[in-house]
2 protein chains.
Amino acid sequence: MTTIKDIAKVAGVSVTTVSRALNGYSDVNEKTRQKIMAVAKELKYSPNTLARSLVMNKSNTIGLLVSGLTRSSAKDNFTFKILSGVNEYLSNSGYDLVLFSTTSTKQREKTYTELCRERRVDGVIMQGIKTDDPYLIEVVDSDIPCVLIDIPIESDTVGYVTTDNISGAKKAVQHLLELGHKKIAMVNGHEFAFVSKRRLEGFMEAHHEMNVPVNPSWIVSGAFDEDEAERQALKLLTDFPEITAVFCASDLMALGVIKAAKKLKIDIPTQLSIVGYDDILLASYVSPALTTVAQDIYQMGYKSAELLVQMLQGDAVSHIITLENELKMRESTAKNHDC
Amino acid sequence: MTTIKDIAKVAGVSVTTVSRALNGYSDVNEKTRQKIMAVAKELKYSPNTLARSLVMNKSNTIGLLVSGLTRSSAKDNFTFKILSGVNEYLSNSGYDLVLFSTTSTKQREKTYTELCRERRVDGVIMQGIKTDDPYLIEVVDSDIPCVLIDIPIESDTVGYVTTDNISGAKKAVQHLLELGHKKIAMVNGHEFAFVSKRRLEGFMEAHHEMNVPVNPSWIVSGAFDEDEAERQALKLLTDFPEITAVFCASDLMALGVIKAAKKLKIDIPTQLSIVGYDDILLASYVSPALTTVAQDIYQMGYKSAELLVQMLQGDAVSHIITLENELKMRESTAKNHDC
DNA sequence: TTGAAAGCGCTAACAT
DNA sequence: ATGTTAGCGCTTTCAA
């Protein structure tokens, strides 16, 4: 493997000059530069970023720490979209991407902070981390520049990107209320996700604004899981047949609710309206096509990377980015026939 | 940031001893080790992998070079499944993953070899690279250990994992022939993919074995693209209304063909049978559900990583891994009514 | 069992 | 415009 030392020898200059020439410094004779460049090319020189990073104390690497990069996460490819977006921005930014992944089941032997420090990443983007994850706090409290996805924590070194989950949920529920539904259930995610809290808030707000009472028994947790949502919905729709609409905190869970409804021979949308959240690919393919709150997850990834790089360069205007969402009306919602 | 020097100072030993203690060498007094470990923990020491990699000339990093990590690739999340599989294996192997991505549209300023050398990856897995990509050859000809996905090139430093595409295609076409179809078209991918060639071979073989002639005009290229496949199918089915079945080299293209058939008011499967390839998520959700040749892409990723790590450790038995595939019969194929 | 010293490939003062 | 020197944090001879 060629080093600048080799180049220096062949070109008959010092390593300093080689370094300067290669890095485009101005204080090097044009002829010398030409010569060095030629030798570098001839020797097929590739700079050793390890050495450079070591001495510059900057790796030009950003970490992407995700949870749920598993076989099963292909259906709801949230993680993939984030990754694509991050990658898209980073590929034009001079930073490389190293991927750290974690699963909620298996506890890591190293903390996220250690992971980042060992690899000397310049910053990290985190997605899918539960809010009760102790390693999360550790990173946030450390001096590692960090962008969180859907976790609203901000500090000097921490920023986040999210969507307006309150308004998203509100739009969904308002839509149902406008269709005449008064008995609306909610299948929420788990308590360790900020989005769940926000979406519940939106659910509440929409009801209050229209002066429609909320029945707490109709709010259940589907743990962001299709099967769990199905089980919960089965129970819910059996116990409370008066329910005419369900708002789900994710499309995946909405899929589960649809299954439950089918099992109970409840027709969608004539007997039961369903609204999801996310607008995953499947949402427009299932039958009936799912009305849902669309968020641009790819864009969230892209913006996260952009924000982090700006933070690293010290020119981030704000550490908070909130993206819009949009209610997509499809076939799973209809007028309430009871009214 | 704490270094071994700091630890040495506090513990009152030399850096050599610290290094040895931390790396679990046996020739260090147990009491000294305890002391060093305690100090390391107290000082929140994280080893600098950059420095270690530099001196050991080994980064414990493997690169994943993919093409098509784009917003649009969410539908056919081949890349994501590969990534998940690779990540799954690697997360238990001591290697970190750095992601390189390329798009066919934008030509990279650096060759893949340069990318690998600069980051000093120990090896690289490549997916989605076209066979005519000059950078591919460069990597293969280099001394960088490399595992290719679906590109059958083997050498001392190069291995590959693929599925048996000939048999896969054969199964699909045999299925159609057994249903009485004699006029079978094929919508293939592009010529720069080995899988296309293999699947065409399988298509041919199945015909020959059953003594059914192949009409070359019925073999078109859909470029692995849904829209292009739709266009081609529109033309094909219009020009040759005698066709009763179509074998597609990917599910995505099959989706395009289904659209074309719908536009032409050709019913599937009564008037036209369609078989896809891949078994993407959508395959079981579209209507009619798609009969297809399933390949375990996650497993391909997992096995690639396993193979590469074995190669790096010098204990790879073979550099070639061929996985099985399976014909999944769903609703898009039926008996040929013309016979 | 421990330490001193050299060096991995690079950059960055500080001369000249 | 170019070279000398030191040093980033680590591992690894070699000696003690």
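Note: hydrogens, waters and symmetry copies are ignored here, and every other heavy atom, side chains too, is used. Per chain, numbering begins at 1; letters A, B, ... match sequence-line order.
In this structure, the CG atom of B/L54 is 9 Å from the P atom of C/dC8, given to the nearest Å. A/K5 has its NZ atom 14 Å from the P atom of D/dT5, to the nearest Å. Counting to the nearest Å, the C1' atom of D/dG7 and the CG atom of A/N57 are 13 Å from each other. Atom CG of B/L50 is separated from atom C1' of D/dG7 by 15 Å (rounded to the nearest Å). Separating the CG atom of A/N48 from the C1' atom of D/dC8 is a distance of 13 Å, rounded to the nearest angstrom. Atom P of nucleotide C/dT11 and atom CG of A/N60 are separated by 12 Å, given to the nearest angstrom. Distance, B/R120 CZ to C/dG9 P: 8 Å, rounded to whole Å. For the pair A/K9 NZ and C/dC10 P, the computed distance is 13 Å after rounding to whole Å.
With hydrogens and angles disregarded, a donor-acceptor distance shorter than 3.5 Å links the side chain of B/T49 to the backbone of A/E118. Side chain of B/S91 to main chain of B/N87: a donor-acceptor pair is present (N/O by atom type, distance under 3.5 Å, no hydrogens or angles). The backbone N or O of A/T162 sits nowhere less than 3.5 Å from a side-chain atom of A/D150 that would complete a donor-acceptor pair. Between the side chain of A/R117 and the backbone N or O of B/Y45, no donor-acceptor pair lies under 3.5 Å. Proximity of a side-chain donor or acceptor of A/D122 to a complementary backbone N or O of A/N60 within less than 3.5 Å is detected.
Of the candidate nucleotides D/dG3, D/dT12, D/dG7, D/dT12 has the atom lying nearest to any side-chain atom of B/M56. Distance from the side chain of A/S19 is smallest for C/dT11 among the nucleotides C/dG9, C/dT11, D/dT11.
For the 3.5 Å distance criterion, the side chains of B/E306 and B/Q310 fail to qualify, holding no donor opposite an acceptor.
A heavy-atom distance below 4.0 Å to DNA chain D is reached by these residues of residues 21-36 of chain B, ordered by number: B/N23, B/Y25.
The residue among A/A51 and B/R52 whose nearest nucleotide of DNA chain D is located toward the 5' end is A/A51.
Residue B/T17 places none of its side-chain N or O atoms closer than 4.0 Å to OP1 or OP2 of C/dT2. Regarding contacts with the backbone of C/dG3, a side-chain N or O of B/S14 is found under 4.0 angstrom from either OP1 or OP2.
The line from OG of A/S14 to NZ of A/K5 is 12.5 Å long, rounded to the nearest 0.5 Å.
Annotation for A/D156: atom CG does not count as buried by contact number, only 12 or fewer foreign heavy atoms lying within 6.0 Å.
Using the six-membered ring where Trp is involved, A/Y302 and A/Y298 have ring planes that are parallel, under 30° apart on the 30 and 60° scheme. Relative orientation of the B/F80 and A/F80 rings is tilted, given thresholds of 30° and 60° on the angle between their planes.
With A/T102 as the partner, the side-chain contact (heavy atoms from CB on, under 4.5 Å) test is satisfied by one option alone out of A/L115, A/D133, A/I129, A/L69: A/I129.
No side-chain heavy atom of A/R20 sits under 4.5 Å from any side-chain heavy atom of A/I36.
Summary of helix geometry: the two end axes of the helix from C/dT1-D/dA16 to C/dT16-D/dA1, each defined by five base pairs via their C1' atoms, are inclined to each other by 40° (rounded to 10°).
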So which protein nitrogen or oxygen atoms get under 3.5 Å of nucleotides 13-16 of chain C's nitrogens or oxygens?
none

